[in-house]
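Lettering follows sequence order; numbering is per chain, from 1. Worth knowing before you read on, the calculation uses all heavy atoms, side chains too, and leaves out hydrogens, waters and symmetry mates.
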2 protein chains.
Amino acid sequence: MSKKTTIYDIAKELNITAATVSRALNNNPKISSKTKELVFETAKKMNYEQNKLALALKSGKSYNVGVIVPRIDSNFFSSVIRGIEEELYPAGYHVIICQTHDQEELEIKNINSLLNAQVDGVLMSISNGKLEENDSFNRLLEKNVPLIFFDRKKEINNVSSVTIDDFNGAYMATKHLIDQGCKRIAHLSNNRKLEIFRNRYLGYKQAILDNGLEFDENLIEEIQSKVLEGRSTVKRFLEMDRPPDAIFSSSDFTALSAVQEIKAHGLKIPEDICVVGFSNEPFTRFMELSITSVDQSPKEMGKIAAQVFLEEVKNSKKIKSEKHVVLTPELIIRKSSLKILKNKKAKI
Amino acid sequence: MSKKTTIYDIAKELNITAATVSRALNNNPKISSKTKELVFETAKKMNYEQNKLALALKSGKSYNVGVIVPRIDSNFFSSVIRGIEEELYPAGYHVIICQTHDQEELEIKNINSLLNAQVDGVLMSISNGKLEENDSFNRLLEKNVPLIFFDRKKEINNVSSVTIDDFNGAYMATKHLIDQGCKRIAHLSNNRKLEIFRNRYLGYKQAILDNGLEFDENLIEEIQSKVLEGRSTVKRFLEMDRPPDAIFSSSDFTALSAVQEIKAHGLKIPEDICVVGFSNEPFTRFMELSITSVDQSPKEMGKIAAQVFLEEVKNSKKIKSEKHVVLTPELIIRKSSLKILKNKKAKI
DNA sequence: CTGTTAGCGCGTTCAG
DNA sequence: CTGAACGCGCTAACAG
């Protein structure tokens, strides 16, 4: 109701200029401490609050940062966001969260909207599209809007990224299955045009080869990470002449569907077949049959992505240089893959 | 890199005034269609894009709307948000999502931040705090920022809300358990200072009383909706002299913990004890032992909340009037409570 | 140390 | 139908 008080109001109150008030409020050293005090006092008294919009117009900065993720209802992404928030709020930034639902058109729309909202930067995990000639990234770069990828990245000049070592995570997971005595390990993959899934595939493959197991293309399938779609693939696996004795999934959600399908077939986990997922979603721990998974320290990832952004903003004048942070994944071993007791160090 | 083109640039290009350009762009009827065409053409040619910040400063509108939820990694809230987005994006608004993590201090901080960001409205589901003398809501109202509650609301003058009929949802769920032959139905409640949990409690109670069952206070416990906290309570229930034969939980997450604890005790679901949750989170469907739950049509809820907001903005001059939309919940019956085959209509 | 002036980009009178 | 001028709230440049 009551009109917002501006620096002019408090200037009039004190018989000084708005400029002086502005300087005082910004702690400009050229202002006498007396007037500063006075200004701060009456500012408080009059319930003054800085108009961010005017500041934004003037400075060209909106203090808004866009975060684009495939979806927010996976613990991985919501945790990354949490990390970003924790780092960015104290720095005075706001976070605008957008979802692509893995649709490229939405991704482009989101980028345009954020550009339109004059965001100071964009932190994103790219969507699962064809990705061939999507130039929306370039539009960001043209406008000099810092862009930082996390998790799902793409190689672009001058664009920094924060990821985990997906190759190694997959390698560890597969090696663990091999250590458990598994000989035919299937892999539920995902769109391998995305680096993360390609790297998980490669890590899996390397572990197979390094350990003298047979590498069988038939045991690999590229599916969407939807719970239901995974089941048919697993069904096919189980009905093979030589079915797998383990499944390494590049997603916890497909790992879940694998568990369901395996049980439906009357097989036992981990006795008949072991299962390992990826992401360490909370449900993998809470299930009665807990699922082994690879943790990606998502909150940490978000924090670091935010830090990289803040640095880029600070050094905006200097020549941009890419920064690529790679976090180390951790294998969380649970029931779904634990055939052998830890201390036995069995050798099959 | 290249300076953004403004209406001045395109004015100079055409030897007219910025004002004319502005009017043309806004389809002001007083502009000749010829100049309009011309303006639109060159605007496109010069890659003109409206500076929202300037517009915001001028109009006092930021075209940003704040959405505050306890957390985003529950399907319920992320679906509500999805609904809000679908309604608000086409109207030119952006959505800033904030999480309270059920901490009142964060709630207050979020409101202040949003206020600071000059949002045009706030849609929120209140947090699980003491809630006694929290005046941050009033600060919104004082500044005439439309506030709309969804799901978790609070009675405040001039504040609209969108909720489901929690009483009835709980009543239906409890009645269903009674129809299944259950006689001692426990209730996992939650902070009953929040209307939703109070109403679910009341619906449960009413169903018990209406059907001549014994209402036993010992079978009710007010817990946080954390998976782990629930287990100890269920443990206590199961170790009673006369343990319950059903559990109605006001949250799917505690329902999940109940299932785990019951299984750990070697009891069978639904034969020995039935379980019903609330919210219809996806995992209730995907679990091997699927859980009966009450669906809250979250996306619909989000859409309606957004519509109510848009209306309030449109009629900002008129006297504000509260609007309270109450959606009808739906009981989704699954394995965890299905003792009796549907068609038998048994009567115990 | 502080006042004056100007401009960020837009919409909106008020004239013509 | 269109131009000139102003103001939104703030900061930065230039004076003094």
Looking only at side-chain N and O atoms, does B:Tyr8 come under 4.0 Å of OP1 or OP2 in C:dG11?
no

Separation of atom CG in B:Leu25 from atom P in C:dC10, rounded to whole Å
9 Å

Rounded distance (Å) that lies between atom P of C:dG11 and atom OH of B:Tyr63:
10 Å

Is A:Ser22 touching bases, backbone alone, or none of the nucleic acid, heavy atoms closer than 4.0 Å?
base

For A:Ser32, report the nucleic acid contact type (base, sugar-phosphate, nothing); a contact means any heavy atom under 4.0 Å.
sugar-phosphate

Verify whether one side chain among A:Glu312 and A:Ser160 offers a donor that lies under 3.5 Å from an acceptor in the other.
yes

Of the nucleotides D:dA4, C:dT2, D:dC10, which has the atom closest to the A:Ala54 side chain?
D:dC10

To the nearest Å, how far apart are A:Glu49 CD and D:dG9 C1'?
14 Å

Nucleotide D:dC1, atom P - distance to CG of B:Leu14 in whole Å
18 Å

Could you tell me the separation between the NZ atom of A:Lys58 and the P atom of D:dA13, rounded to a whole number of Å?
9 Å

Nearest-Å distance, CD1 (B:Ile7) to C1' (C:dC8)?
12 Å

With a 4.0 Å limit, can you tell me whether A:Thr35 has a side-chain N or O closer than that to the phosphate oxygens OP1/OP2 of C:dT2?
yes

Which residue lies more 5' along DNA chain C, comparing B:Thr6 with B:Lys30 via nearest heavy atoms:
B:Thr6

If you assign B:Arg23 and B:Leu57 each to the DNA chain D nucleotide with the nearest heavy atom, which residue ends up on the more 5' nucleotide?
B:Arg23

Under 4.0 angstrom between A:Ser59 side-chain N/O and C:dC8 OP1 or OP2:
no

Atom CG of B:Asp9 and atom C1' of C:dG7 are separated, to the nearest Å, by 14 Å

Measure CD1/A:Ile16 against C1'/D:dC10 and give the value in whole Å, please.
15 Å

Assign the ring pair B:Tyr93 / B:Phe309 to parallel, tilted or perpendicular, where the plane angle (0 to 90°) is split at 30° and 60°.
perpendicular

Where the side chain of B:Asn51 is concerned, which of D:dC10, C:dC10, D:dT2 is the nearest nucleotide?
C:dC10

Any chance you could measure A:Leu57, atom CG, to B:Leu55, atom CG, to the nearest 0.5 Å?
10.5 Å

Tell me whether the side-chain N/O atoms of B:Asn26 come closer than 4.0 Å to OP1 or OP2 in C:dG11.
yes

Which of these nucleotides, C:dG3, C:dC10, D:dT11, is closest to any side-chain atom of A:Gln50?
D:dT11

Give a yes-or-no answer on whether the side chains of A:Ser127 and A:Glu107 include a donor-acceptor pair shorter than 3.5 Å.
yes

Contact class for B:Leu53 vs. all strands (heavy atom < 4.0 Å): base, sugar-phosphate, or nothing?
nothing

Think A:Lys154 forms a cation-pi with A:Phe149, using NZ or CZ under 6.0 Å from the six-ring centre and within 45 degrees of its axis?
no

